[in-house]
Amino acid sequence: GDQEDQKLKGEAECEKVFKGLDLASKGESNREGLWGLKTLTGETTDIPLSGIERYEAIAVNIVKFVSIWGVLYLFIISLGLMGNAFKIISGRSSGRTLRNSSLLSNPVSGLTIGILATVLMQSSSTTTSIVISMAASNLITVEDSAYLVMGA
């Protein structure tokens, strides 16, 4: 009774092990990873593309490459425009007000303002870009901008 059941269980386990070894030798695996996801091992073969499909794939990759560089270029141009806009809009009085502000010269309040600006805009890179543009246009000092960037 019990011995036969254990023997059948043992044979079933051996069969699973050998079946797994057979799959692994073919480049496949049914092992489960750390989080219970099945992992595949070995090389995969790509289906060869026909002439038109190959040209379409090349065209799509070229469009993606040009688009990425175009968006990066527009981002850099927009940072320059933002710096110029701060120079134009700020004027001398607001620049003096920000430069002489005790609120920004205090490291803890500068850090807090940087954190709040990041939370409001939901983007640390946008906050950092704005602070750097403000420092470049001499609205705030570089020392004060360091605390704001640390908060971002």
Side-chain angles (χ1 to χ4, degrees), residues 12-13 15-152:
E13 290 295 323
E15 187 177 325
K16 284 182 187 177
V17 168
F18 286 119
K19 186 176 180 182
L21 289 175
D22 187 41
L23 288 174
S25 67
K26 292 179 184 174
E28 300 175 11
S29 173
N30 62 355
R31 292 179 296 147
E32 292 188 5
L34 183 63
W35 291 285
L37 301 173
K38 296 204 182 239
T39 58
L40 294 176
T41 58
E43 297 179 16
T44 60
T45 57
D46 292 331
I47 299 170
L49 300 175
S50 68
I52 294 173
E53 291 173 335
R54 185 177 304 138
Y55 290 126
E56 286 177 356
I58 291 171
V60 166
N61 286 329
I62 289 172
V63 168
K64 286 180 184 179
F65 182 78
V66 170
S67 298
I68 288 171
W69 282 103
V71 168
L72 184 63
Y73 176 75
L74 289 175
F75 176 72
I76 292 172
I77 294 297
S78 67
L79 287 179
L81 290 173
M82 191 167 43
N84 292 336
F86 276 123
K87 287 179 188 174
I88 293 170
I89 291 174
S90 67
R92 294 176 187 239
S93 62
S94 63
R96 257 185 268 122
T97 305
L98 282 174
R99 244 179 274 122
N100 298 331
S101 173
S102 62
L103 191 62
L104 288 179
S105 60
N106 182 357
V108 175
S109 64
L111 190 76
T112 306
I113 290 171
I115 292 171
L116 288 175
T118 303
V119 167
L120 290 174
M121 285 188 270
Q122 299 277 319
S123 173
S124 62
S125 42
T126 303
T127 304
T128 304
S129 300
I130 290 172
V131 169
I132 290 172
S133 298
M134 290 172 71
S137 62
N138 289 328
L139 280 177
I140 58 175
T141 63
V142 175
E143 292 83 13
D144 294 343
S145 67
Y147 301 120
L148 292 169
V149 169
M150 282 189 232

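- Ser125 pairs by the side-chain hydrogen bond (donor to acceptor under 3.5 Å, both in side chains) definition with Ser123, not counting sequence neighbours.
- In this structure, CG on Leu120 lies 12.0 Å from CD1 on Ile115, to the nearest 0.5 angstrom.
- Note that the OG atom of Ser145 and the CE atom of Met150 stand 9.5 Å from one another [nearest 0.5 Å].
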Enumerate, atom names and distances included, each donor-acceptor pair closer than 3.5 Å involving a side-chain atom of residues 53-68, sequence neighbours excluded.
{"residue": "Glu53", "atom": "OE1", "partner": "Ser50", "partner atom": "N", "Å": "3.2"}
{"residue": "Glu53", "atom": "OE1", "partner": "Ser50", "partner atom": "OG", "Å": "3.4"}
{"residue": "Arg54", "atom": "NH2", "partner": "Leu49", "partner atom": "O", "Å": "3.2"}
{"residue": "Asn61", "atom": "ND2", "partner": "Ala57", "partner atom": "O", "Å": "3.3"}
{"residue": "Ser67", "atom": "OG", "partner": "Val63", "partner atom": "O", "Å": "2.7"}

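- More than 12 heavy atoms of other residues, nucleotides or ligands sit less than 6.0 Å from atom CG of Leu74.
- Taking both residues in full, the closest heavy atoms of Ala152 and Thr118 are given as CA-OG1, 3.0 Å, listed atom of the first, atom of the second, then distance.
- Remark: Ile113 pairs with Leu103, Leu104, Leu148 by the side-chain contact (heavy atoms from CB on, under 4.5 Å) rule, at least two apart or across chains.
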